[in-house]
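Given the structure is predicted, the values throughout are model-derived calculations rather than measurements. These values consider heavy atoms only, across backbone and side chains, with no hydrogens, waters or symmetry-generated copies. Atoms within each ligand, like the ligands themselves, are counted from 1 in listed order.
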Amino acid sequence: MLVVMKAQATPEQIQAVCEAIEGLGYRAHPMPGAERTAIGITGNKGEVERGNLESLPGVSEVIRVTKAYKLASRDVKEEDTVVRFAGTDAAIGGKELAIVAGPCSIESREQAFTIASKVVAAGAQFFRGGAFKPRTSPYAFQGLGLEALRIMAEIREQFGLRIVTEALDTESLEQVAEWADVIQIGARNMQNFSLLKKAGRLRKPVLVKRGLSATLDEFLMSAEYVMSEGNYQVILCERGVRTFADHARNTLDLSIIPALKKVSHLPILIDPSHGTGRRDSVLPMARAAVAAGADGVMVEVHNHPEAALSDGPQSIFPDQFAGMMNELEQIAPVVGRTLTRGIRVSVEA
Ligand code: PEP
Ligand code: MN
């Protein structure tokens, strides 16, 4: 159920409606929009008892949301969500493309700083790097953990780049929330509902990667788990799905971009690195992603991919990343977007 407020409704009236909803035993999710505020109602087992909601001051109408995902849907919020980063001009969503780049895993301070200096020079706003790695083999490199988080915090300090890194479980979630700017929930954890709920109780942006065989609805329901706990700063990320095709590690499903944009207001990033698993496919798919309407890309970059401790074959060289930025900068205006290089951090941040 959704309470649509009148355009001229006052903050007090919105507050009173939220209180009335909570008084009925439900949860209220006010979603301010350009024209008016809509208040999503969750926590109901069946049909919401409307009570006197419709007659409260400032209420325009009370409507049923039939989709399984509510807060992630455009029914509740028509305008695109833009996730912003306090004290900077960085954003994910909106007209400006967001570029996230960095190694699959943080392997050492030197490796991380070398790559960070290259991606910042080419104009990225976000630095990615795994501290806690979900590896298929228990014998493969599992990540440097807290040490990697500390290195990335230093990178933020030195270069201004905002940090995106994965939380693997509830333990690492707390650490990632403390040190990073965006909490990544990996493909394998997309349906780890208790982890999603815990991330939803935090007030940091959460990047949810699409599961290896998740449908669009399942993907959005994972975002809904985070939002249902009151954290509306959710970013989606398509990273390829499993198919019969064996020319690539995964099949990057760019067709999900327009499909998602139609039903959801959440921003969507494309990860052509995991999406293809092949260095030579990253650039073509990044171009296509922007052309198809993605809000940005997340790519793996490594200075010595042949020696990388994870995902070397899909990591592009820093020079290739710089070339990619040049091309995306040219493609962006064709589809009504802009790519402004770098991140501006205000002094008081
Ligand atoms: C990653 O981005 O480092 C990662 C492990 O991705 P995914 O969860 O999509 O496999
Ligand atoms: Mn990787």
Side-chain angles (χ1 to χ4, degrees), residues 92 98-107 111-112 115 119 124 126-138 140-145 148-149 151-152 162-169 172-173 176 180-192 195-196 199 205-214 218-219 222-223 226 234-243 248-254 256 268-279 281-282 285-286 289 294 296-317 321:
I92 303 181
I99 309 293
V100 187
C104 178
S105 302
I106 300 298
E107 299 167 7
Q111 171 247 20
I115 299 168
V119 302
F126 298 88
F127 184 73
R128 61 146 293 146
F132 304 93
K133 295 304 302 175
R135 304 305 300 278
T136 303
S137 164
F141 178 59
Q142 304 284 306
L144 296 180
L149 296 179
I151 292 169
M152 287 188 281
R162 299 296 107 167
I163 305 300
V164 182
T165 194
E166 178 166 355
L168 207 51
D169 45 32
S172 51
L173 178 66
V176 167
D181 300 293
V182 178
I183 302 161
Q184 177 173 321
I185 304 289
R188 291 154 194 81
N189 266 325
M190 190 206 82
Q191 287 191 314
N192 182 339
L195 186 62
L196 292 168
V206 178
L207 181 141
V208 181
K209 297 193 85 174
R210 184 180 179 186
L212 279 76
S213 65
E218 288 164 347
F219 193 13
S222 295
V226 178
V234 177
I235 303 144
L236 303 168
C237 180
E238 157 65 29
R239 45 79 71 209
V241 290
R242 277 277 163 92
T243 68
R249 179 179 176 182
N250 291 298
T251 296
L252 186 65
D253 179 17
L254 294 179
I256 203 166
I268 167 94
L269 297 184
I270 296 295
D271 172 353
S273 307
H274 294 90
T276 64
R278 299 172 52 136
R279 182 174 310 125
S281 299
V282 172
M285 290 295 101
V297 295
M298 170 148 102
V299 291
E300 289 184 339
V301 180
H302 202 290
N303 51 334
H304 290 300
E306 62 291 346
L309 296 181
S310 59
D311 287 348
Q314 68 192 33
S315 301
I316 57 173
F317 290 94
F321 176 68

*Measure across K209 and F219 and return the closest heavy-atom pair with its distance rounded to 0.1 Å.*
C-CE1, 3.8 Å
*Just distances here: any N/O of D271 and N/O of ligand 1 closer than 3.5 Å?*
no
*Within-cut-off N or O pair, E166 and ligand 1, under 3.5 Å*: no
*asked:* Heavy-atom contact check, 4.0 Å cutoff: does Q184 meet ligand 1?
replied: yes
_Please name the atom of D311, limited to N, O or S, that comes nearest to the Mn ion (ligand 2)._
OD2
*Could you list the atoms of ligand 1 found under 4.0 angstrom from a heavy atom of R239?*
7 (P), 9 (O), 10 (O)
_Under 3.5 Å: N/O of C104 near N/O of ligand 1_ = no
*State whether K133 and E166 are salt-bridged, where the test is any N-O pair (Lys NZ or Arg NE/NH1/NH2 against Asp/Glu carboxylate O) under 4.0 Å.*
no
_To the nearest 0.5 Å, what is the distance between CD1 on I106 and CD1 on I115?_
7.0 Å
*By number and element, which atoms of ligand 1 are closer than 4.0 Å to a non-hydrogen atom of G186?*
8 (O)
*If you check every N/O/S atom of E300, which is the one nearest the Mn ion (ligand 2)?*
OE2
*asked:* If I compare all heavy atoms of C104 with all of R128, which pair ends up nearest, and what's the gap?
replied: O-NH2, 3.1 Å
_Proximal candidate to atom 1 (C) of ligand 1 [heavy atom criterion; set R210, H274, R188]_ = H274
*Taking side chain as C-beta onward, heavy atoms only, is V282 less than 4.5 Å from E300?*
no
*Would you give the length of the straight line joining atom CE of M190 to atom OG of S213, rounded to the nearest 0.5 angstrom?*
8.0 Å
*What is the minimum heavy-atom distance between N250 and R239, and which atoms define it?*
ND2-NH1, 3.5 Å
*Starting from atom 6 (O) of ligand 1, find the nearest protein heavy-atom neighbour and note its residue, name and distance.*
K209 NZ, 3.0 Å
*Taking only heavy atoms of A187 into account, list the atoms of ligand 1 that are under 4.0 Å away from them.*
7 (P), 8 (O), 9 (O)
_Rounded at 0.5 Å granularity, tell me how far CD in E107 sits from NE2 in H304._
10.0 Å
*What protein heavy atom sits nearest atom 3 (O) of ligand 1, and how far off is it?*
R128 NH2, 2.7 Å
